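First the structure, in the form of structure tokens, and then the observations on it.
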Amino acid sequence: QVQLVESGGGLVQAGGSLRLSCAASGRTFSRYTMGWFRQAPGKEREFVACISWNGAITYYADSVKGRFTISRDNAKNTWYLQMNSLKPEDTDLYYCAADRDPRIEIAAGRYDYWGQGTQVTVSS
């Protein structure tokens, strides 16, 4: 059974940092594109960042570019989102996702597997 489990969320002051992790099990994701999305109550799920299967290509939403960094460790079947210079508007439930298509993808509907989410709250 495929399972994605996020961790690392929490409460942080504006300007602070958090590192989210997504540990996958049930299959090897070394050939998958991996992504991070976020969602606030009553809003659509929003693309944050994604990384190609070999880590060579990354892509970010404009709102997080220069502050967030996505990375992956295929040997551990895990990928990460380093979030620096956090702002109150980054407060959301953050989800990791895996897309079996190795091409970069920003549309949530194209991802095949999802975690349950981890809450990030940034206080002003």
Side-chain angles (χ1 to χ4, degrees):
Q1 182 179 356
V2 173
Q3 192 172 18
L4 306 182
V5 179
E6 303 96 338
S7 62
L11 173 65
V12 64
Q13 288 188 333
S17 298
L18 285 173
R19 188 194 194 205
L20 306 184
S21 298
C22 182
S25 61
R27 67 168 58 226
T28 299
F29 287 88
S30 60
R31 293 291 180 176
Y32 283 55
T33 292
M34 302 306 204
W36 287 96
F37 291 77
R38 62 189 184 185
Q39 188 171 22
K43 293 188 177 181
E44 291 188 357
R45 197 160 293 188
E46 177 189 19
F47 168 78
V48 176
C50 64
I51 186 168
S52 63
W53 67 275
N54 60 357
I57 301 171
T58 57
Y59 190 76
Y60 298 91
D62 288 343
S63 58
V64 307
K65 200 172 296 182
R67 300 187 297 122
F68 291 10
T69 302
I70 189 171
S71 61
R72 65 189 296 163
D73 185 338
N74 285 342
K76 296 182 178 179
N77 230 18
T78 301
W79 59 106
Y80 309 93
L81 186 67
Q82 178 67 42
M83 305 186 296
N84 298 329
S85 303
L86 282 162
K87 305 175 181 179
E89 51 263 43
D90 293 319
T91 295
D92 265 326
L93 189 60
Y94 283 71
Y95 297 89
C96 63
D99 179 9
R100 63 169 62 95
D101 190 327
R103 293 173 295 182
I104 288 292
E105 181 58 66
I106 66 171
R110 297 298 300 271
Y111 281 75
D112 302 291
Y113 300 103
W114 291 86
Q116 294 300 306
T118 185
Q119 179 67 39
V120 171
T121 303
V122 184
S123 63
S124 57

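Computed from a predicted structure; not experimentally measured. All values below were derived from every heavy atom in this structure, side-chain atoms included, with hydrogens, water molecules and symmetry-related copies excluded. The residues of the chain are indexed from 1 along the displayed sequence.
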Inset, instruction - Would you check if V120 and D92 make a side-chain contact, meaning some heavy-atom pair closer than 4.5 Å? - result: no
Inset, instruction - Cation-pi check, R19 to Y80: give yes when NZ or CZ is under 6.0 Å from the six-membered ring centre and within 45° of the ring axis, no otherwise. - result: yes
Legend entry - Any side-chain heavy-atom pair of Q82 and I70 under 4.5 Å: no
Legend entry - Closest contact, heavy atoms only, C22 versus L4: SG-CB, 3.9 Å
Inset, instruction - Please confirm whether the backbone N or O of R103 pairs with a side-chain atom of D101, one donor and one acceptor, at under 3.5 Å? - result: yes
Legend entry - Whether Q1 side chain and G26 backbone form a donor-acceptor pair below 3.5 Å: no
Legend entry - Taking every non-hydrogen atom, the tightest pair across L18 and G8: CD2-O, 3.8 Å
Legend entry - Side chains of L20 and M83 in contact at under 4.5 Å (non-hydrogen atoms): yes
Inset, instruction - Could you tell me which non-hydrogen atom of T118 sits nearest to which non-hydrogen atom of L93, and how far apart they are? - result: C-CD1, 3.5 Å
Legend entry - Sidechain-backbone polar pair: S85 side chain, G15 backbone, donor-acceptor under 3.5 Å: no
Legend entry - Check: Q39 and Y94 side chains under 4.5 Å, non-hydrogen atoms: no
Inset, instruction - Return yes when atom CD of Q116 has more than 12 non-hydrogen atoms of other residues, nucleotides or ligands closer than 6.0 Å, and no otherwise. - result: no
Legend entry - N-O pairing of K65 and D62 below 4.0 Å: yes
Inset, instruction - Considering non-hydrogen atoms only, spot the tightest contact between P102 and R31 and give its length. - result: CB-O, 3.8 Å
Legend entry - Salt bridge flag under 4.0 Å for residues D112 and R100: yes
Inset, instruction - For residues R72 and I51, report the shortest heavy-atom separation together with the two atoms involved. - result: NH1-O, 3.6 Å
Legend entry - Spatial distance of atom CZ (R38) from atom CD (E44) [nearest 0.5 Å]: 14.5 Å
Inset, instruction - Just do the side-chain contact (heavy atoms from CB on, under 4.5 Å) check on W79 and W36 with the steps written out, would you? - result: CA-CA 9 Å; W79 59 106; W36 287 96; 3.4 Å; yes
Inset, instruction - Over 60° means perpendicular and under 30° means parallel, so classify the ring planes of F29 and Y113, tilted if in between. - result: perpendicular
Legend entry - Any side-chain heavy-atom pair of V12 and T121 under 4.5 Å: no
Inset, instruction - Taking the side chain as every heavy atom from C-beta outward, state whether F68 and N84 have any pair of such atoms under 4.5 Å apart. - result: no
Inset, instruction - Could you tell me whether the side chain of I106 reaches within less than 4.5 Å of the side chain of Y59, counting heavy atoms only? - result: yes
Legend entry - Check: N74 side chain, W53 main-chain N or O, donor-acceptor pair, under 3.5 Å: yes
Inset, instruction - Look only at the side chain of T78 and the backbone of K76, and say whether a donor-acceptor pair between them is shorter than 3.5 Å. - result: yes
Legend entry - Near-ring test F37/Y95, centroid separation under 6.0 angstrom: no
Legend entry - Pairing residues for K43 by the side-chain contact (heavy atoms from CB on, under 4.5 Å) criterion, not counting sequence neighbours: A40
Inset, instruction - Say whether F47 and L86 are linked into one hydrophobic cluster, either directly or through other cluster members, by side-chain heavy-atom distances under 4.5 angstrom. - result: no
Legend entry - Rounded distance (nearest 0.5 Å) linking atom CZ of R110 with atom CG of D99: 6.5 Å
Inset, instruction - Measure across T33 and S52 and return the closest heavy-atom pair with its distance rounded to 0.1 Å. - result: OG1-CA, 4.4 Å
